[in-house]
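One structure is given below, encoded as structure tokens.
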Amino acid sequence: MPESPEVETIRRGLERAVLGLKISKTEVLFPAMIKSGLNLIRRFPRKRITSVERVGKHLVIKLEGKLCLVIHLGMSGKMLLLPKSSPLPKHTHLVIHFREFAEKLCHNDPRRFGYVHIVTSDGLRDLNCLLKLGPDATQLTKKMFDRMVKARHRMIKPLLLDQSFIAGLGNIYSDESLYKAKIHPRRLSHTLRSSQLDSLRLAIRTTLRQAIVAGGSSLNDETYLNVDGELGRFQLQLRVYGREGERCFHCGRKIRKIIVGSRSTYFCPRCQPVQKR
DNA sequence: GGGCCTGTTTCATG
DNA sequence: ACATGAAACAGGCC
């Protein structure tokens, strides 16, 4: 579930809470979550956290001594700050303790679709999962986006979900952005007009910004939580996602659910009409 | 207890 | 190379 607004909310929470803190020890409860660099974890003690960054849907936590923790949260991943005395939640895979800080940082992922890489700064530069990412969805320029989309012959929604095309969008925010730009999710990318592409680019930007302000989306009161264990609020502002059969806020037609690129897709058939060109 | 759903990666095929 | 589809991952839910 975490798309870039959720990851960004987590990033900000971590930056506020643990930036500059010195690690005292780490616990690896489920080593298989660590896809590379498990051996580097023994260097963590006595290192401070020097930055907390986001790359697409990845969290990059940098430490002194050129150490980097790269985390993808998959669908159900969380980073929770819990009092040191709290019992570990089920499905906790990695725990980081800090000197002089009353809380521990727990990486938790029930479905285990996420992963962790531990690398040095040099290793970071050739981590495939980061190298193959397209430009961040929040950083698109008009020219760049126009050129990129028209160069491809694909349905627009699966293209938006392709992290090697642009990074950061998942199912929720691509549907919301296409609705805002009034574009049908199956529209072929190369048939879109420059004016439509620019409204799509701006719709993506606005949607992601509003979602970050709302602290991300939590759909089934379980799924996404920020570092303080709180739910997001953007699900209250969703216009199409998860609203099958409900009325479009703009025109009153019923929102439809279809499958596009094998993914559930919600849209308004009147506001987002099929258009050949 | 089986089938479905979720997002992403990976593999196979056109 | 590019597009597309299926399978795999794991657990929660009905």
Side-chain angles (χ1 to χ4, degrees), chain A residues 1-10 29-36 54-60 70-80 88-94 107-117 127-134 136-137 147-178 185-192 204 207-208 211 216-225 231-232 234-235 238 240-245 256-266:
Chain A
M1 198 66 53
E3 305 179 30
S4 80
E6 289 76 28
V7 178
E8 178 62 20
T9 302
I10 291 170
L29 294 105
F30 186 70
M33 283 300 286
I34 301 184
K35 286 216 295 194
S36 76
R54 179 185 64 79
V55 181
K57 301 181 189 177
H58 299 257
L59 211 49
V60 180
V70 178
I71 300 171
H72 192 288
L73 295 170
M75 298 179 52
S76 57
K78 298 168 191 66
M79 299 295 285
L80 294 171
L88 292 180
K90 200 181 269 196
H91 310 300
T92 296
H93 307 311
L94 175 65
H107 169 235
N108 180 282
D109 186 356
R111 296 191 188 164
R112 297 199 227 151
F113 280 22
Y115 54 81
V116 176
H117 286 280
L127 249 196
N128 239 322
C129 60
L130 301 184
L131 278 178
K132 64 187 174 192
L133 294 178
D136 196 90
R147 189 163 28 80
M148 288 169 58
V149 174
K150 287 177 176 169
R152 306 294 290 271
H153 291 217
R154 285 184 72 179
M155 290 186 289
I156 187 66
K157 157 141 179 181
L159 190 56
L160 294 180
L161 290 177
D162 183 342
Q163 301 297 298
S164 68
F165 182 70
I166 56 175
L169 289 182
N171 214 20
I172 299 176
Y173 300 114
S174 51
D175 280 4
E176 293 297 311
S177 300
L178 287 168
R186 290 200 174 113
R187 181 73 180 273
L188 292 175
S189 56
H190 61 285
T191 70
L192 283 156
I204 291 170
T207 304
L208 294 178
S217 302
S218 300
L219 287 180
N220 314 316
D221 36 39
E222 253 296 12
T223 47
Y224 159 74
L225 299 176
L231 298 171
F234 194 72
Q235 65 279 10
L238 295 174
V240 286
Y241 192 84
R243 297 192 64 241
E244 181 183 21
R256 288 196 56 202
K257 177 184 177 181
I258 59 176
I259 302 295
V260 181
S262 71
R263 306 295 304 282
S264 312
T265 298
Y266 300 88

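Sequence lines set the chain letters: A, B, ... in the order given, protein chains first and strands last, and positions in each chain run from 1. Keep in mind that what you see is a predicted model, and the values were worked out from it rather than measured.
In this structure, CD of Glu3(A) is placed 12 Å from C1' of dT6(B), rounded to the nearest angstrom. Here dG7(B) presents its C1' atom at 10 Å from CZ of Arg111(A), a figure rounded to the nearest Å. Atom CG in Leu160(A) sits about 15 Å away from atom C1' in dG7(B), given to the nearest Å. Here dC9(C) presents its C1' atom at 11 Å from CZ of Phe30(A), a figure rounded to the nearest Å. The distance from atom CG of Asn108(A) to atom P of dG12(C) is 11 Å, rounded to the nearest whole Å. At whole-Å resolution of the value, CE in Met75(A) and C1' in dG7(B) are 5 Å apart. If you take NZ of Lys90(A) and C1' of dG11(C), they are 10 Å apart, rounded to a whole angstrom. At whole-Å resolution of the value, CG in Leu161(A) and C1' in dT6(B) are 13 Å apart.
Note on Ser76(A): every side-chain N or O is 4.0 Å or more away from OP1 and OP2 of dG12(C).
Evaluation of the side-chain contact (heavy atoms from CB on, under 4.5 Å) rule for Gln163(A) yields Lys57(A), Leu133(A), Ala167(A) as partners, not counting sequence neighbours. Not counting sequence neighbours, the partners of Lys150(A) by the side-chain contact (heavy atoms from CB on, under 4.5 Å) test are Asp146(A), Ser194(A), Leu197(A).
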Given side-chain contact (heavy atoms from CB on, under 4.5 Å), test Gln235(A) with Ile172(A) step by step and report yes or no. CA-CA 9 Å; Gln235(A) 65 279 10; Ile172(A) 299 176; over 6 Å; no

Please step through side-chain contact (heavy atoms from CB on, under 4.5 Å) for the pair Val70(A) and Val116(A), ending with a clear verdict. CA-CA 6 Å; Val70(A) 178; Val116(A) 176; over 6 Å; no

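Closest heavy-atom contact between Gly168(A) and Glu3(A): O-CB, 3.7 Å. Contact detail for Ser174(A) and Lys157(A): the closest heavy-atom pair is OG-CE, 4.1 Å. When all heavy atoms of Ile166(A) and Ile204(A) are compared, the closest pair comes out as CD1-CD1, 4.4 Å.
Aromatic rings from Tyr173(A) and Phe234(A) are positioned such that their centres are separated by under 6.0 Å.
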Produce the list of close N/O pairs, under 3.5 Å, pairing protein atoms with atoms of nucleotides 9-14 of chain B; give distances to one decimal.
residue: dT10(B); atom: OP2; partner: Lys132(A); partner atom: NZ; Å: 3.2

Filtered N/O pairs between nucleotides 1-4 of chain B and protein, under 3.5 Å:
none

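When each of Lys90(A), Met75(A), Lys78(A) is tested with Pro110(A) by the rule side chain to side chain contact (heavy atoms under 4.5 Å, CB included), just one qualifies, namely Lys78(A).
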With a 3.5 Å cut-off and sequence neighbours excluded, list the donor-acceptor pairs that the side chains of residues 256-264 of chain A form with protein atoms.
none

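Classification of the Tyr115(A)-His72(A) ring pair by plane angle, with boundaries at 30° and 60°, yields parallel.
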Between protein and nucleotides 1-8 of chain C, map the contacts as a letter string: B base, S sugar-phosphate only, - none, heavy atoms under 4.0 Å, written 5' to 3'. --SS----

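Asn171(A) comes within 4.0 angstrom of sugar-phosphate atoms only, judged by non-hydrogen atoms across all strands, and of no base.
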